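Structure, as structure tokens:
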Amino acid sequence: MQRRNFLKKSAFVMAGALGGVSLQAKQNKKNERKGFENLMQNDPEFAKFFEYFIKEQVSQHNELDPKTTLLVKLAALIATSSVNLYKQTLDECLLNGGLDAISVKELLYQSVPYIGFAKAFDFFKTSNESLVHKGIKLPLEKQGTTKPENRYEEGLKKQVEIFGEGIIKANENAPKDTRHFREFLSSNCFGDYYTRRGLDLKTRELLTFVFIACLGGCEPQLKAHTMGNLKLGNHKGILISAITQICPLIGYPRTLNALSIVEENTKS
């Protein structure tokens, strides 16, 4: 009984997502917690070693600040389509003051060009429900900074800042029949998203790295965004910390693939 009480009080509920943040639920959260309480009751052996792994191992290898840690883990839950776990994690982040509403929205928006709107769609509804339940009025203050007439140019500036001047020539030299994809990247992916306020550029690029790592099978893009992160100052330790924190959520194959790319591109 003592061990079971410890499990409930020590945040196993979100151990895989938050790694040790206290998450005592309010009375109106009972139904949402039911699945985790059943897990602790019916799979206590798993609960014990998984909690130990998160709290005593994973959380000990982290150079990220608390807010970025939460964003990285929520990003992994979005990219892996874990709507239920995302909702409970987000509710507790809002309850405990770990995240502000604008950061939550910008995280979600940033996911769209990388995981696709089809995957992200359900998270809009879930996020809005959580924010409204917290008493936050929607829509939030606008964070966009571009207009249709300048989104390409402003997005291209962000690309150059992240990847270098080669982007300009690559756009100019793209084959005519596929050039529109280069235009999409500059105007939509970077012009619509990376130019927004609410999250700084380094954080956006780190979250992008996480989205792509979670998807798997996108190693060329993961390599490019590894280099982009390094150029912006997200050094090797930051990238390894992000991979470490999402490891329990995405499994070892994708974890090791991401780690391999980081290692290959940070050799002295």
Side-chain angles (χ1 to χ4, degrees), residues 65 67-68 70-79 81 83 86-87 90 93-94 97-165 167-168 170-171 174 179-212 214-215 221 224-225 228-229 231-234 242:
D65 62 72
K67 178 180 176 179
T68 304
L70 294 177
L71 288 171
V72 161
K73 291 174 180 178
L74 285 170
L77 295 175
I78 293 173
S81 300
V83 177
Y86 170 86
K87 176 174 175 51
L90 177 58
C93 287
L94 295 172
L99 285 178
D100 60 279
I102 288 177
S103 294
V104 171
K105 281 287 192 174
E106 292 305 314
L107 163 69
L108 179 57
Y109 295 171
Q110 186 71 21
S111 76
V112 173
Y114 294 100
I115 70 169
F117 185 62
K119 264 191 172 185
F121 179 76
D122 288 341
F123 291 92
F124 277 79
K125 179 175 182 292
T126 297
S127 299
N128 290 338
E129 289 174 349
S130 293
L131 292 170
V132 169
H133 185 268
K134 184 67 169 55
I136 296 169
K137 185 178 179 180
L138 299 178
L140 301 176
E141 180 183 352
K142 292 182 179 180
Q143 299 298 314
T145 64
T146 60
K147 299 177 181 180
E149 55 268 24
N150 71 348
R151 57 200 281 268
Y152 177 86
E153 290 76 13
E154 294 303 313
L156 185 58
K157 290 178 184 177
K158 294 297 182 184
Q159 283 182 289
V160 169
E161 186 175 350
I162 297 170
F163 303 111
E165 296 284 343
I167 291 291
I168 298 175
N171 282 11
R179 188 173 299 160
H180 59 285
F181 289 109
R182 304 288 310 189
E183 294 173 354
F184 288 173
L185 282 168
S186 295
S187 61
N188 176 241
C189 184
F190 290 88
D192 289 340
Y193 297 98
Y194 278 82
T195 58
R196 295 178 61 81
R197 295 183 293 265
L199 293 175
D200 62 38
L201 190 59
K202 286 177 66 175
T203 301
R204 288 186 183 277
E205 185 62 2
L206 181 62
L207 294 174
T208 295
F209 173 86
V210 171
F211 291 135
I212 298 173
C214 291
L215 291 175
Q221 291 76 25
H225 284 280
N229 270 278
K231 191 171 188 296
L232 291 178
N234 289 328

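Predicted, not measured: the structure shown is a model, and the values here were computed from it.
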For this session: Indicate the ring-plane relationship of F190 and H225, choosing parallel, tilted or perpendicular according to the 30° and 60° boundaries.
Result: parallel
For this session: Evaluate the side-chain proximity of L77 to L90: yes if any heavy-atom separation is below 4.5 Å, no if none is.
Result: no
Problem set entry | Exceeds 12 heavy-atom contacts within 6.0 angstrom, atom NZ of K231 | yes
Seminar exercise, completed: Note: V72 and A242 closest approach over all heavy atoms is CG1-O, 4.0 Å
Exercise. What residues form a ring-ring contact (aromatic ring centres under 6.0 Å, His included) with F184, not counting sequence neighbours?
Worked result: H180, F181
For this session: Only pairs at least two apart or in different chains count here, so list each salt bridge (Lys or Arg N to Asp or Glu O under 4.0 Å) that has a residue in residues 106-119.
Result: E106-R196, E106-R204
For this session: Indicate yes or no: at least one non-hydrogen side-chain atom of T145 is less than 4.5 angstrom from one of R197.
Result: yes
Exercise. Under 4.5 Å between any side-chain heavy atoms of R179 and N171, yes or no?
Worked result: no
Problem set entry | Nearest non-hydrogen partners of I136 and A101, listed with the distance | CD1-CB, 3.7 Å
For this session: Check A79 against L215 and note the closest heavy-atom contact, atom names and distance.
Result: O-CD2, 4.2 Å
Exercise. Hey, what's the ring geometry for F124 with F117, parallel, tilted or perpendicular (30° and 60° as the breaks)?
Worked result: perpendicular
Exercise. Do Q110 and F211 have side-chain heavy atoms sitting under 4.5 Å apart?
Worked result: yes
Problem set entry | Shortest non-hydrogen contact between K87 and T126, atoms and distance | CB-CG2, 3.5 Å
For this session: Look at the side chain of D192 and the backbone N and O of R151, then say whether any donor-acceptor pair between them is shorter than 3.5 Å.
Result: no
Exercise. How about Q159 and L156: do any of their side-chain heavy atoms sit closer than 4.5 Å?
Worked result: yes
Problem set entry | Distance, nearest 0.5 Å, that separates CG of L107 from OG of S127 | 8.0 Å
For this session: Kindly compute the distance separating CD1 (I102) from CG (L199), expressed to the nearest 0.5 Å.
Result: 9.5 Å
For this session: Give the minimum heavy-atom separation between G198 and S103, together with the two atoms involved.
Result: O-OG, 4.1 Å
Problem set entry | Any side-chain heavy-atom pair of K105 and N128 under 4.5 Å | yes
Exercise. Going by heavy atoms in the side chains, are K158 and T195 under 4.5 Å from each other?
Worked result: yes
For this session: Indicate whether the side chain of Y194 and that of E154 have a donor and an acceptor atom separated by less than 3.5 Å.
Result: no
Seminar exercise, completed: Residues at least two apart in sequence or cross-chain that pass ring-ring contact (aromatic ring centres under 6.0 Å, His included) with Y86, listed by chain then number, are F123
For this session: Determine yes or no for a side-chain-to-main-chain donor-acceptor pair under 3.5 angstrom, with N150 supplying the side chain and E153 the backbone.
Result: no
Seminar exercise, completed: Rounded to the nearest 0.5 angstrom, the OG1-CD1 distance for T208 and I115 is 11.5 Å
Exercise. Say you draw a straight line from CZ of R182 to OG of S187; how long is it, rounded to the nearest 0.5 Å?
Worked result: 12.0 Å
Exercise. How many angstroms lie between CD1 in I162 and CG in L201, if you round to the nearest 0.5 Å?
Worked result: 4.5 Å
Exercise. Is K157 salt-bridged to E161, cutoff N-O under 4.0 Å?
Worked result: no
Exercise. What heavy-atom pair brings S130 and L94 nearest, and what distance separates the two atoms?
Worked result: O-CD1, 3.9 Å
Exercise. So how far is it from D65 CG to T203 OG1, rounded to the nearest 0.5 Å?
Worked result: 7.5 Å
Exercise. If you draw a 6.0 Å radius around CD in E149, do more than 12 non-hydrogen atoms from other residues or ligands fall strictly inside?
Worked result: yes
Exercise. Can you tell if the side chain of L74 reaches within under 4.5 Å of the side chain of L99, non-hydrogen atoms only?
Worked result: yes
Problem set entry | Side chain S186, main chain E183, donor-acceptor under 3.5 Å | no
